[in-house]
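I have placed the structure first, in the form of structure tokens, so that the comments after it can refer back to it.
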Amino acid sequence: MITSVLFITVCFLAYANGANDNFKGAATLFGSGTANYRLALSWATLTTLAGSICALFLTQTLMVKFSGKGLAPDALIQSLPFMIAVAGGAGMTVILATR
């Protein structure tokens, strides 16, 4: 059950990041009139997806480097409630900044 909550929270964080950053990459195309809204949004979605796929290959290295080691006890960092709190807090912060 708690693993499902973690999965949903991480999906919310991914949604928040996408909502905040997706169109930034192609806003110049739309703003300059080079592309219409639909084409610019499609281009942003495609490039964001490509970036996500590239990130999958870099995840293991990044997880080791940004694990939080030394910031909090290892037992706390590896607990599911802590992970849910971190992902939920990050997601809410990004959603608030997006609004």
Taking all heavy atoms of [X] and all of [Y], pick out the closest pair and write down the distance.
| X | Y | answer |
| --- | --- | --- |
| Ile77 | Met83 | O-CE, 3.7 Å |
| Ile95 | Phe12 | CG1-CZ, 3.6 Å |
| Ala16 | Val94 | O-CG1, 3.4 Å |
| Ala40 | Ala35 | N-CB, 4.2 Å |
| Thr48 | Ala44 | OG1-O, 2.8 Å |

- Flag the pair Trp43 / Thr47 as yes when at least one side-chain heavy-atom distance between them is below 4.5 Å, and no otherwise.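 They are in side-chain contact.
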Rounding to 0.5 Å, atoms CD1 (Ile2) and OG (Ser79) come to a distance of 8.0 Å
Output for pair (Ser52 OG, Asn17 CG), nearest 0.5 Å, gives 9.5 Å
* Can you tell me if Thr34 uses its side chain to pair, donor with acceptor, with the backbone of Phe30 under 3.5 Å? ->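 No, because the side chain of Thr34 does not come within donor-acceptor range (under 3.5 Å) of the backbone of Phe30.
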Do you reckon Leu13 sits in the same ILVMFWY cluster as Leu80, going by side-chain contacts under 4.5 Å, direct or chained?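 Leu13 and Leu80: separate clusters.
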For Ile84, the option from Val10, Thr3, Thr9 that meets side chain to side chain contact (heavy atoms under 4.5 Å, CB included):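 Exactly one option meets the side chain to side chain contact (heavy atoms under 4.5 Å, CB included) with Ile84, and it is Thr9.
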